[in-house]
Amino acid sequence: MTLDWDFHPLRGERVTLDLLRPDDLDDLAAMQGDPAVCRYLLYEARSREKVAEILERDAAATHLAVKGDYLQPAIRSADGRFLGTMYFELQSVEDRTAEIGWILAPHAQGQGYATEAARLLLTLAFDELGLHRVYAELDPRNTASVRTCERLGMRHEGHFVEHMWLKGEWTDTGHYALLEREWQAAMLPRQA
Ligand SMILES: CC(C)(COP(=O)(O)OP(=O)(O)OC[C@H]1O[C@@H](n2cnc3c(N)ncnc32)[C@H](O)[C@@H]1OP(=O)(O)O)[C@@H](O)C(=O)NCCC(=O)NCCS
């Protein structure tokens, strides 16, 4: 299998996934600089300078072809407000596997936006790219993220005990996954 995909916005009912822009810096810096948002992320709250660097790097990540290629699109509301970011990384072309992740600004949480944004990326993965498997990894204490995986129909496949030394403590990792055939089966009733 070969992949050669260039970014285009992904539009849903309430949210659109689009590339990060320089004018997202205030919102992105507020989100990535918030210790509560970062509690279960792999990184500590970031400085504005660090976020500016990351924004420039991630805004240029627009192509999926080889292992390690990734997207970090902004989640925007219908009226263009910044709600958060999604993550999508090609983990293997041969095995047609990608990793997915999500972060919402505090004001955007609890309204179903992450689930809708994730469904747009799952549609991209399975219907447009022809991938076989999409997985998410998380800290099992991150119950909001666990619930998001469950709402998406992802299977809990593993719990790695004290898998990582992170932020001064041994941290477990939960692994959730969805296969293309499971996604298609889950979509059928909605189309009927
Ligand atoms: C993980 C995270 C993205 C989940 O956010 P979230 O707001 O819980 O997820 P959604 O946007 O899908 O919203 C779902 C919630 O909105 C509620 N909701 C309200 N209106 C809704 C609607 N129209 N449609 C769907 N759900 C709706 C749901 O009931 C659900 O709440 P519940 O889990 O208490 O039942 C968020 O907690 C976050 O950004 N955390 C910090 C960063 C982080 O840890 N990222 C994950 C790393 S693994």
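Counting starts at 1 for both ligands and their atoms, in listed order. Along the sequence shown, residues are numbered consecutively beginning with 1.
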For atom 6 (P) of ligand 1, find the nearest protein heavy atom and state the residue, atom name and distance (0.1 Å precision). Gly110 N, 3.9 Å
Tell me the protein heavy atom at minimum distance from atom 41 (C) of ligand 1, and give that distance in Å. Val37 O, 3.4 Å
of all protein heavy atoms, closest to atom 45 (N) of ligand 1 is Trp102 O, 2.8 Å
Does the side chain of Glu116 reach to within under 4.5 Å of the side chain of Ile75, using non-hydrogen atoms? no
Counting only heavy atoms not in Glu157, do more than 12 fall under 6.0 Å of its CD? yes
Suppose we measure from atom 48 (S) of ligand 1 to each protein heavy atom; which comes out shortest, and what is that distance? Ser145 OG, 3.3 Å
Where does the angle between the aromatic ring planes of Trp170 and Trp165 fall among parallel (under 30°), tilted (30 to 60°) and perpendicular (over 60°)? perpendicular
Interatomic distance, Leu3 atom CG to Lys67 atom NZ [nearest 0.5 angstrom]: 13.5 Å
What's the shortest distance from atom 22 (C) of ligand 1 to any protein heavy atom, and which residue and atom give it? Gln111 O, 3.4 Å
So, for atom 12 (O) of ligand 1, does the protein have a heavy atom nearer than 4.0 Å? yes
Using the side-chain hydrogen bond (donor to acceptor under 3.5 Å, both in side chains) rule, pick out the option among Arg48, Glu44, Arg46, Lys50 that qualifies with Gln32. Arg46
How far is atom 38 (C) of ligand 1 from its nearest protein heavy atom, and which residue and atom name does that atom have? Gln109 NE2, 3.5 Å
Verify the cluster assignment for Leu10 and Leu19: are they in a single hydrophobic cluster under the rule of side-chain heavy atoms below 4.5 Å apart? yes
Consider every N or O of Leu104 and every N or O of ligand 1, then say whether any pair is closer than 3.5 Å. yes
Do me a favour and list the nearest non-hydrogen protein atom to atom 25 (C) of ligand 1 with residue, atom name and distance? Gly112 CA, 3.4 Å
Salt bridge or not for Glu180 and Arg96, using N-O below 4.0 Å? no
Ligand 1 atoms nearer than 4.0 angstrom to some heavy atom of Tyr113 are 10 (P), 11 (O)
Atoms of ligand 1, numbered as shown, that sit under 4.0 Å from any heavy atom of Leu138: 48 (S)
Do we see a donor-acceptor contact under 3.5 Å between the side chains of His8 and Glu128? yes
If we ignore hydrogens and angles and just use 3.5 Å, is the side chain of Thr173 paired with the main-chain N or O of Thr171 as donor and acceptor? no
Given that the side chain starts at C-beta and the backbone is N, CA, C, O, which of these parts of Arg14 lies under 4.0 Å from ligand 1, counting heavy atoms, or is it both or neither? side chain
Ligand 1 versus Asp139: contacting region, heavy-atom distance under 4.0 Å: neither
Using only heavy-atom distances, determine whether the side chains of Tyr87 and Glu89 contain a donor-acceptor pair under 3.5 Å. yes
Answer yes or no: is there a donor N or O on one side and an acceptor on the other, between the side chain of Asp172 and the main chain of Glu162, under 3.5 Å? yes
Do you see a donor-acceptor pair shorter than 3.5 Å between the side chains of His175 and Glu137? yes
Part of Arg151 with heavy atoms under 4.0 Å of ligand 1, whether side chain, backbone, both or neither: side chain
Which protein non-hydrogen atom lies closest to atom 8 (O) of ligand 1, naming both residue and atom, and how far is it? Ala144 CB, 3.9 Å
Show which atoms of ligand 1 fall inside a sub-4.0 Å distance from at least one heavy-atom site of Thr148. 4 (C), 9 (O)
Ligand 1 to Glu137 polar contact by distance, N or O atoms, under 3.5 Å: no
Atoms in ligand 1 with a heavy atom of Ile103 nearer than 4.0 Å: 39 (O), 42 (C)
Does some non-hydrogen atom of Glu116 fall short of 4.0 Å from ligand 1? no
